[in-house]
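Single-structure report; data block below.
Note that the coordinates shown come from a computational prediction; the quantities given were computed from them, not determined experimentally. What's counted below: heavy atoms across the whole structure, side chains too, no hydrogens, waters or symmetry copies.
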Amino acid sequence: MQAGKPILYSYFRSSCSWRVRIALALKGIDYETVPINLIKDGGQQLAIIEYLEETRPTPRLLPQDPKKRASVRMISDLIAGGIQPLQNLSILKQVGEEIQLTWAQNAITSGFNALEQILQSTAGIYCVGDEVTMADLCLVPQVANAERFKVDLTLYPTISSISKRLLVLEAFQVSHPCRQPDTPTELRA
């Protein structure tokens, strides 16, 4: 390990880790990955995107304009706090294997119904205008979760089109779960 090189404790499929990997890639921050297993022993998570924004402000993940910044935070909170936690591993274990798929689909669909409406008024090329923001970092992993849980994304054209535009960007490609050091061989790109 290099002195001063950040360490990201990451799980390849974690939405939280993926959001951070995208932020690190966008900001051009070289880091070391230490894989952790979120399934074994309950796992652990670390929220650092706001810290990265404060300590390494370029490129911006939060717009300067207060109204746009509020929109970015609203969308980020909706996804990271209102959708993703309802279909993460710990909740799915509690609801029981027989209804996990339906539970996850309902959680995602409910959140995406609200998100699609919000994006109608905030979206440009990306979630809020034409610059990649923290909201976009939240969107792409959640769309991947929706695909994994077989949610019909044709009902969400704005969400789908923004996600597709983001996935062609290098930061989103290099941070993708299928390209992580702990990705199982059968799931690698």
Side-chain angles (χ1 to χ4, degrees), residues 6-31 33 36 38 44-88 107-108 111-112 114-116 118-119 122-149 151 153 156 158-180 182-183 189:
I7 298 171
L8 176 62
Y9 296 89
S10 180
Y11 179 63
F12 80 99
R13 193 178 268 166
S14 165
S15 297
C16 299
S17 295
W18 193 358
R19 291 190 289 260
V20 173
R21 290 191 306 262
I22 297 167
L24 290 166
L26 282 169
K27 291 182 176 286
I29 300 170
D30 188 28
Y31 63 95
T33 300
I36 59 170
L38 290 181
Q44 55 179 300
Q45 308 252 349
L46 181 63
I48 64 170
I49 295 171
E50 291 263 2
Y51 171 79
L52 290 173
E53 184 67 5
E54 294 294 328
T55 60
R56 300 182 184 178
T58 56
R60 292 185 165 281
L61 298 178
L62 291 170
Q64 284 188 294
D65 176 72
K67 185 175 179 185
K68 286 184 177 182
R69 192 167 49 246
S71 293
V72 167
R73 285 191 167 117
M74 174 183 58
I75 292 166
S76 299
D77 288 347
L78 171 61
I79 297 168
I83 303 172
Q84 188 264 331
L86 296 174
Q87 43 87 70
N88 72 15
I108 295 167
F112 273 16
L115 181 59
E116 183 74 14
I118 292 167
L119 292 175
T122 65
I125 296 172
Y126 305 118
C127 286
V128 179
D130 296 336
E131 301 293 327
V132 174
T133 67
M134 185 169 65
D136 300 298
L137 278 58
C138 294
L139 180 71
V140 168
Q142 190 55 58
V143 170
N145 286 339
E147 290 169 341
R148 197 168 101 222
F149 289 112
V151 171
L153 292 173
Y156 310 105
T158 308
I159 291 171
S160 296
S161 63
I162 292 170
S163 181
K164 286 176 185 166
R165 285 192 291 273
L166 289 162
L167 283 170
V168 301
L169 301 177
E170 183 181 0
F172 289 80
Q173 290 178 10
V174 300
S175 63
H176 196 281
C178 70
R179 292 184 173 91
Q180 300 312 303
D182 59 327
T183 304

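Taking all atoms of both residues into account, the shortest heavy-atom contact from Arg19 to Ile49 is CB-CD1, 3.6 Å. Ile79 and Ala135 make their closest contact through CD1-O, 4.3 Å (heavy atoms, listed as atom of the first residue, atom of the second, distance). Looking at every heavy atom in both residues, Phe12 comes nearest to Pro177 through O-CB, 3.0 Å. Summarising the geometry of Ile22 relative to Ser175, their closest heavy-atom pair is CG1-OG, 3.0 Å, with the distance given to 0.1 Å. The minimum heavy-atom distance between Lys27 and Leu52, with the atom names listed, is CE-O, 4.0 Å. Closest approach of Leu139 to Ser163, counting heavy atoms only: CD2-N, 4.1 Å.
In this structure, the separation between CG on Leu115 and CD1 on Ile159 is 4.0 Å, given to the nearest 0.5 Å. Between the CG atom in Leu137 and the CZ atom in Phe172 there is a gap of 5.0 Å [rounded to 0.5 Å]. Separation of atoms CG (Leu24) and CZ (Arg56) is listed at 8.0 Å; rounding is to 0.5 Å. If you take OG on Ser76 and CG on Leu62, they are separated by 7.5 Å, rounding to the nearest 0.5 Å. With rounding to the nearest 0.5 angstrom, the CD1 atom of Ile108 is 10.0 Å from the CD atom of Glu147.
When atom types are taken as modelled, the side chain of Arg179 and the backbone of Gln173 share a donor-acceptor pair closer than 3.5 angstrom. Proximity of a side-chain donor or acceptor of Thr122 to a complementary backbone N or O of Cys127 within less than 3.5 Å is detected. Judged purely by atom type and a 3.5 angstrom limit, Gln180 uses its side chain to pair as donor or acceptor with the backbone of Val174. No donor-acceptor distance shorter than 3.5 angstrom exists from the side chain of Gln84 to the backbone of Gln142, with no hydrogens or angles considered. A distance-only check finds no donor-acceptor pair linking the side chain of Arg13 to the backbone of Asn145 [under 3.5 Å]. Formation of a donor-acceptor pair under 3.5 Å by the Lys68 side chain with backbone atoms of Gly129 is not found in this model. Panel note: side chain Asp136, backbone Thr133; a donor-acceptor pair is recorded below 3.5 Å. Distance alone, capped at 3.5 Å, is enough to place a donor-acceptor pair between the Thr55 side chain and the Tyr51 backbone. Not one N or O on the side chain of Ser10 forms a donor-acceptor pair closer than 3.5 Å with the backbone of Thr33.
The side-chain heavy atoms of Leu78 and Ile75, taken from C-beta on, include no pair separated by under 4.5 Å. With contacts defined as side-chain heavy-atom distances shorter than 4.5 Å, the pair Pro59/Val132 does not qualify. Looking at heavy atoms from C-beta onward, Val72 lies in side-chain contact with Pro63 at the 4.5 angstrom threshold. You'll find the side chain of Val143 stays beyond 4.5 Å of the side chain of Val140, heavy atoms only. Looking at heavy atoms from C-beta onward, Ser17 lies in side-chain contact with Arg21 at the 4.5 angstrom threshold. Side-chain atoms of Tyr156 and Leu119, non-hydrogen and from C-beta on, never get closer than 4.5 Å to each other.
Judged as a salt bridge (Lys or Arg N to Asp or Glu O under 4.0 Å), and not counting sequence neighbours, Arg69 has no contacts. Applying the side chain to side chain contact (heavy atoms under 4.5 Å, CB included) test to Ser161 and every residue at least two apart in sequence or in another chain returns Arg165. Residues meeting the side-chain hydrogen bond (donor to acceptor under 3.5 Å, both in side chains) test with Tyr126, sequence neighbours left out: none.
Counting heavy-atom neighbours within 6.0 Å of Glu53 CD, excluding the residue itself, gives a total above 12.
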